[in-house]
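See structure below.
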Amino acid sequence: MKKEDTVKLISAEGFEFVVDKEAAMVSQTIHNMLTSPGSFSERQHGEVTFPEISTTILEKICQYFYWHLQFASGKETEFPIEPELTLELMMAANYLHT
């Protein structure tokens, strides 16, 4: 896979997740960061840092991106969410417009 086909998402703790650009584009916020005109560093470097999103939550969000690509076409499946992550995950999903 080519570097331009991936995006690096960086958590508050500095952990890096390299995901397919198509998967990351599930998030409207990430989509806007990577496609907006201008010379934004996210677009130039293919990296997005989330200083307010923990590694655990960002990992779950990355899992959701891939789940969405696979199952959003109509299959009736649920995305598993651990109860202890619910509040933090909802806040991150709201920010990411996911």
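Keep in mind that the numbers below use all heavy atoms, side chains included, and drop hydrogens, waters and symmetry copies.
For the pair V26/Y66, no side-chain contact is recorded, criterion being any heavy-atom separation below 4.5 Å from C-beta on. Between D5 and D20 the shortest side-chain heavy-atom distance does not fall below 4.5 Å. Within the 4.5 Å cutoff, the side chain of V7 has no heavy atoms near those of the M25 side chain. Residues L9 and I61 are not in side-chain contact: their nearest non-hydrogen atoms beyond the backbone lie 4.5 Å or more apart. Using a 4.5 Å heavy-atom threshold, the side chains of L58 and F50 count as touching. Using a 4.5 Å cut-off on side-chain heavy atoms (C-beta onward), E16 and E47 make no contact. Annotation: side chain of Q63 is in contact with side chain of F79 (closest heavy-atom distance under 4.5 Å).
Minimum interatomic distance between A23 and L69 (heavy atoms only, all atoms of both residues): CA-CD1, 3.5 Å. For the residue pair E13 and I53, the shortest heavy atom distance occurs at OE1-O, 4.4 Å. Among all heavy-atom pairs drawn from S27 and L96, the shortest one is OG-O, 2.7 Å. Nearest heavy-atom pair, S11 versus S54, reported as atom, atom and distance to 0.1 Å: CB-C, 3.9 Å. Here the shortest heavy-atom pairing between A92 and I57 reads CB-CG2, 3.8 Å.
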*Any chance you could lay out the side-chain contact (heavy atoms from CB on, under 4.5 Å) test for M91 and E52, step after step, and finish with the verdict?*
CA-CA 10 Å; M91 290 171 33; E52 301 295 324; over 6 Å; no
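Rounding to the nearest 0.5 Å gives a distance of 14.5 Å between CZ of F17 and OG1 of T6.
Using modelled atom types, no side-chain atom of K8 and backbone atom of T49 make a donor-acceptor pair closer than 3.5 Å.
Other residues, nucleotides and ligands contribute more than 12 heavy atoms inside 6.0 Å of the CD atom of E82.
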